[in-house]
Enquirer: 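What follows is a structure written as structure tokens; I'll ask about it next.
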Amino acid sequence: MEPGTTPQPNPTVLDSKVPDGPIADLWENHKFSMNLVNPSNKRKFEVIVVGTGLAGASAAATLGELGYRVKAFTFHDSPRRAHSIAAQGGINAAKNYPNDGDSVHRLFYDTVKGGDYRSREANVHRLAEVSVNIIDQATAQGVPFARDYGGLLDNRSFGGAQVSRTFYARGQTGQQLLLGAYSALMRQVAAGTVELHNRSELLDVVLKDGRACGIVTRDLLSGEVTPHSAHAVVLATGGYGNVYFLSTNAMMCNVTAAWRAHRRGALFANPCYTQIHPTCIPASDDFQSKLTLMSESLRNDGRIWVPSGAGDGRAAGDIPEGERDYYLERKYPAFGNLVPRDVASRNAKTVVDAGHGVGPLNNGVFLDFAAAIERDGHDAIATRYGNLFDMYQRITGENPYTSPMRIYPASHYTMGGLWVDYHLMTNVPGLYAVGEANFSDHGANRLGASALMQGLADGYFVLPYTIGDDLAGLLGDSVVPTDDPVFTAAVAGVEDETGRWLSTNGSRSVDHFHRELGRIVWDNIGMARTESGLRKALSDIPALRDEFHRDVRVLGSADTLNQSLEKAGRVADFFDLAELMARDALEREESCGGHFREEHQTAEGEAQRDDDNFSHVAAWEWNGPDTPQTRHVEELTFDNVALSQRSYK
Amino acid sequence: MSDTISVTVKVWRQNGPDSPGGFETHPQQISIDASFLEMLDLLNEQLNDRGEEPIVFESDCREGICGTCGVMINGRAHGPQKATATCQLHMREFADGDEIVIEPFRAAGFPVIRDLAVDRSPLDHIIESGGYISVGSGAAPDANLTPVPKDAAEQAFDAAACIGCGACVAACPNSAAQLFTSAKVGHMALLPQGQPERWSRTEAMVDVMETYFGSCTNHGECHEACPKEISLDFIAYLNRDYVRAKVKNRALSGQR
């Protein structure tokens, strides 16, 4: 079947299980209506949590505190390594400490609007409600948020928000929040409620009679493949931004846990919603292994420009003012350099594609602090951005105080992920997804400082309530024993797979194929998408995938630390995901947030939504390796936020 | 295109914790704009192409914040550049013709797993023994209920900036983990939220630390190697608190 042209067979309309009632009271009322598990019964339930970033560590710690018997898994050597640690800017919360007009409703409204009206209202409202509890929790854990001279918490405006609701800990907010969640997790490990398995990678999700009953992991040091059973399985395994190969994600970030769940029946929602962050350091050569984010806050004082003439090879300082194009200030006089991420990224691509790119590879735009330094002085800029300037200099060898930074967009965050209902449960009973791993509350575009908020909201304050409602019905049921045929079959499948990689005996490394895949995805499913590009991706990806499976070279053995072997399975899953991203992008005949179809833009070149036909979540069902997935939909209704065209002129 | 240098890489290979190890020598041509780990990535591509197993080394964020990376480069933990984790080191810090000796972090508390990867889980055990403030989810009061003086918050942050890479242990002639432990203890001891468990935390964390690591004799090598430049003052602070904890933790309240 030609993807993107024929309606899929038997699509169903998904039930989000959002309760009825006025939105402001939904969560409060629902908490009362949910079933509870008696404190002394909680210890009878076993819960597996995979991933120990903000969402996973907070969920495992909280479930442990409640008395559940938790097994937490991370493929890192320590839970503290998860990539949440690299988040820089901050975390939003509707505390309204600055008294500047913020409220739960405003944070809710801004998040739905920022997501370009492609998120579920009820989930976003709940997120805004519990945002305030997160700040309380983190502060009590000892997270050293920035404070003013009176000793109270400081806030700043972030990502163009009109209120100051962002709490921050220097440029390391993610690190400090994760260390807080990690410390809470380690407290439960000490208490014996959480059993921690490090260097253990999930390679399959196991179902019995349609319900998730456990997982299969591979010990990355010994290679041992082990089944683990539980009453419920929670995936907190992050996003899939590394499908682009080059991204700001950590090297090991991958889609494998979510994808293996998808292959077992969990729907994968909105895979084409990816966020390309505008301010990253451009690649310097073909061997580039990852890209580094420079905080968005730099756009508060930096001016973005390119030479007016295409192919201008002069150094920045040699280009006179009259021959510079401050294109964001020119096109968007009201917001200027502070337009949202998707708009800033797309415009950078436009000028670079038109031959105005700067730097040795002509692959960047300037972010210039000369005016800010002249206005505020060197010291003031150093106080604000000193750490970032030092980091830039360490990486590029250039001094941003004397010559402009070079920046370019890079893959940063993925809004798509496993489809979940209001309880954060996937369509597979007993299987949950939290944090970036689910299709989340961010719609088609995530606002700055909202990722940390969502991960911790899910883990500390949502899942611990909703999981009890489901578990209460299982009282008295024991877990499926790990010698059950469903487990032995899954273990054998994983062992077969590792054996297959080691016996392929091809000629090229896993990284080689990952890099080539990344090029296809970046060129065709990146910042701007076209029907022809997506169709090209749909023919190039399977061709390269066949070559990968035939010609990959994984050396060594399975019974030791073998990093090529680990990567092979992850890249295989990226291939399948990339194909689905292309199909999802092709089917979504509109532009919204991070998904920009060139065929669907306004006269001014902005994203043009089609609310009549695409005001829905697309959630894809796996039909086997050689059959296209089925596209299901969840209709989105907007009763509390008026739909409008975003404009930043 | 950027400038290229020729270097000779001498890298430690060791198949497992109990296997004998040794150096392998590889000449490398490399752009000065490459990061140090990208140089190793390229070397691994070449090894894989030749049918030799790639060198095992650990890294993840490659932004100097996750603490996963870390090797000895010419005898120095994280290499020659100050305040820089291995992943942020770039080849422009080396000169044409240099010999670069790469070894795993060497410490009895960090057994070698394979090649350049070591087991740093004792650092987690130190945290497990008390590196937290006991507050269950949902039990927290309003965040602005307790003001924290700005300088206390800033100093707590200076300690909390530790990325747990273990370079302090690797750099120490005694393989002591005092800088790591003092950073965690100091972070919490400086904040009002950390006071209720201050003395039990200090004693418990030091006791677990001593089961894995050597004793501090104030060489200061840890601070020199630390990618976050954690101050030696925190070690002094820890030592003082440890003595006070021994008194505060006496069994009989009248003797405290």
Enquirer: Report the option among A/Arg80, A/Gln141, A/His83 that has the most heavy-atom pairs separated by less than 4.5 Å from atoms of chain B.
Expert: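 The option with the most such pairs is A/Arg80.
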
Enquirer: Considering non-hydrogen atoms only, spot the tightest contact between B/Leu191 and A/Gly142 and give its length.
Expert: CD1-O, 3.3 Å

Enquirer: Do you know which of B/Asn144, B/Leu190, B/Asn48, B/Ile163 has the most heavy-atom pairs under 4.5 Å to chain A?
Expert: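 Top count of heavy-atom pairs under 4.5 Å with chain A: B/Asn144.
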
Enquirer: Provide the closest heavy-atom pair for B/Ile55 versus A/Gln563 in the form atom of the first, atom of the second, distance.
Expert: O-OE1, 4.1 Å

Enquirer: Minimum heavy-atom separation for B/Asn15 and A/Thr560, please, with both atom names.
Expert: O-OG1, 4.2 Å

Enquirer: Before you tell me yes or no, could you show the steps for B/Glu154 and A/Arg170 under side-chain contact (heavy atoms from CB on, under 4.5 Å), namely the whole-Å CA-CA distance, both residues' side-chain angles and the distance that decides it to 0.1 Å?
Expert: CA-CA 9 Å; B/Glu154 293 290 325; A/Arg170 294 187 192 161; 2.9 Å; yes

Enquirer: Between CD of B/Gln46 and OG of A/Ser509, what distance do you get to the nearest 0.5 Å?
Expert: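 So the CD of B/Gln46 and the OG of A/Ser509 are separated by 11.5 Å.
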
Enquirer: Please classify the contact of A/Leu291 with chain B as side chain, backbone, both or neither, using a heavy-atom distance under 4.5 Å.
Expert: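 Just its backbone gets close to chain B.
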
Enquirer: side-chain contact (heavy atoms from CB on, under 4.5 Å) for A/Leu555 and B/Glu52? Distances and angles first, verdict last.
Expert: CA-CA 7 Å; A/Leu555 300 168; B/Glu52 297 169 37; 5.6 Å; no

Enquirer: Under 4.5 Å heavy-atom distance to chain A, tell me which part of B/Glu45 shows up: side chain, backbone, both or neither.
Expert: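 Contact with chain A is through the side chain of B/Glu45 alone.
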
Enquirer: Less than 4.5 Å to any heavy atom of chain B: does that hold for the side chain of A/Tyr149, its backbone, both, or neither?
Expert: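 A/Tyr149 touches chain B through backbone and side-chain heavy atoms alike.
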
Enquirer: Go through B/Gly164, B/Ser121, B/Ala83, B/Ala152 and name the one with the most non-hydrogen pairs under 4.5 angstrom from chain A.
Expert: B/Gly164

Enquirer: Just give me the residue among B/Lys184, B/Arg114, B/Arg92 that pairs up with chain A most often, heavy atom to heavy atom, under 4.5 Å.
Expert: B/Arg92

Enquirer: Tell me which of these, A/Asp390, A/Leu152, A/Asp154, A/Thr62, has more heavy-atom pairs under 4.5 Å with chain B than the rest.
Expert: A/Leu152

Enquirer: Go through B/Ala156, B/Pro149, B/Ser134, B/Gly16 and name the one with the most non-hydrogen pairs under 4.5 angstrom from chain A.
Expert: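 Between B/Ala156, B/Pro149, B/Ser134, B/Gly16, the count favours B/Ser134.
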
Enquirer: Nearest 0.5 Å, what's the SG-CG distance between B/Cys61 and A/Leu293?
Expert: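 If I round to the nearest 0.5 Å, the distance is 12.0 Å.
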
Enquirer: Is the shortest side-chain heavy-atom distance between B/Ser137 and A/Ser58 below 4.5 Å?
Expert: no

Enquirer: For residues B/Ala143 and A/Asp136, report the shortest heavy-atom separation together with the two atoms involved.
Expert: N-OD1, 2.8 Å

Enquirer: Heavy-atom distance under 4.5 Å to chain A: side chain of B/Leu89, backbone, both or neither?
Expert: neither

Enquirer: What donor-acceptor contacts under 3.5 angstrom involve side-chain atoms of residues 173-188 of chain A, with partners at least two apart or in another chain?
Expert:
| unit_1 | atom_1 | unit_2 | atom_2 | d |
| --- | --- | --- | --- | --- |
| A/Thr173 | OG1 | A/Gln88 | O | 2.9 |
| A/Thr173 | OG1 | A/Gly89 | O | 3.3 |
| A/Thr173 | OG1 | A/Ala169 | N | 3.2 |
| A/Gln175 | OE1 | A/Gln172 | NE2 | 3.4 |
| A/Gln175 | NE2 | B/Ala161 | O | 3.1 |
| A/Gln175 | NE2 | B/Cys162 | O | 3.4 |
| A/Gln176 | NE2 | B/Ala160 | O | 3.1 |
| A/Tyr182 | OH | B/Asp124 | OD1 | 2.5 |
| A/Ser183 | OG | A/Leu179 | O | 3.3 |
| A/Ser183 | OG | A/Gly180 | O | 2.8 |
| A/Gln188 | OE1 | A/Glu65 | N | 3.4 |
| A/Gln188 | OE1 | A/Thr193 | OG1 | 2.7 |

Enquirer: Between B/Glu128 and chain A, which part of the residue has a heavy atom less than 4.5 Å away: side chain, backbone, both or neither?
Expert: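 When you check distances to chain A, atoms from both the backbone and side chain of B/Glu128 fall under 4.5 Å.
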
Enquirer: Please list all pairs meeting side-chain hydrogen bond (donor to acceptor under 3.5 Å, both in side chains) that have one or both residues in residues 59-71 of chain B, counting only residues at least two apart or in different chains.
Expert: A/His76-B/Asp60, A/Ser289-B/Arg62, A/Lys290-B/Glu63, B/Asp41-B/Arg62, B/Ser59-B/Arg62

Enquirer: Name the region of A/Thr396, side chain, backbone, both or neither, that has any atom closer than 4.5 Å to a heavy atom of chain B.
Expert: backbone

Enquirer: Should we count CZ of B/Arg76 as having more than 12 external heavy atoms under 6.0 Å?
Expert: no

Enquirer: Examine the side chains of B/Asp142 and A/Tyr97 and answer whether a donor and an acceptor come within less than 3.5 Å of each other.
Expert: yes

Enquirer: Indicate yes or no: at least one non-hydrogen side-chain atom of B/Ile113 is less than 4.5 angstrom from one of A/Leu221.
Expert: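 Contact flag for B/Ile113/A/Leu221 side chains = yes.
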
Enquirer: Please check: side-chain N/O of B/Arg120 versus main-chain N/O of A/Ser78, any donor-acceptor pairing under 3.5 Å?
Expert: no

Enquirer: Counting only heavy atoms closer than 4.5 Å, note whether A/Leu153 contacts chain B via side chain, backbone, both or neither.
Expert: both

Enquirer: Where is the tightest heavy-atom contact between A/Ile85 and B/Ile65, given as atom of each residue plus distance?
Expert: O-CG1, 3.6 Å

Enquirer: Let me know if B/Ser129 has heavy atoms under 4.5 Å from chain A in its side chain, its backbone, both or neither.
Expert: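 When you check distances to chain A, no heavy atom of B/Ser129 falls under 4.5 Å.
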
Enquirer: Against chain A, work out which of B/Glu53, B/Gln193, B/Glu38 has the most heavy-atom pairs shorter than 4.5 Å and name it.
Expert: B/Glu38

Enquirer: Measure A/Asp77 against the heavy atoms of chain B and call it side chain, backbone, both or neither at under 4.5 Å.
Expert: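 A/Asp77 touches chain B through backbone and side-chain heavy atoms alike.
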
Enquirer: If you measure from the Lys or Arg side-chain nitrogens to the Asp or Glu carboxylate oxygens, is any gap between B/Glu93 and A/Arg394 under 4.0 Å?
Expert: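 No, this pair does not count.
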
Enquirer: Of the backbone (N, CA, C, O) and the side chain (C-beta and beyond), which part of B/His187 lies under 4.5 Å from a heavy atom of chain A, both, or neither?
Expert: side chain

Enquirer: Taking all heavy atoms of B/Ala153 and all of A/Arg147, pick out the closest pair and write down the distance.
Expert: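 For B/Ala153 and A/Arg147, the tightest heavy-atom pair comes out as CB-CD, 3.8 Å.
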
Enquirer: Is A/Asp148 close to chain B through its backbone or its side chain, or both, or neither, when contacts mean heavy atoms under 4.5 Å?
Expert: backbone

Enquirer: Is there a donor-acceptor pair under 3.5 Å between the side chain of A/Gln137 and the backbone N or O of B/Gly136?
Expert: yes

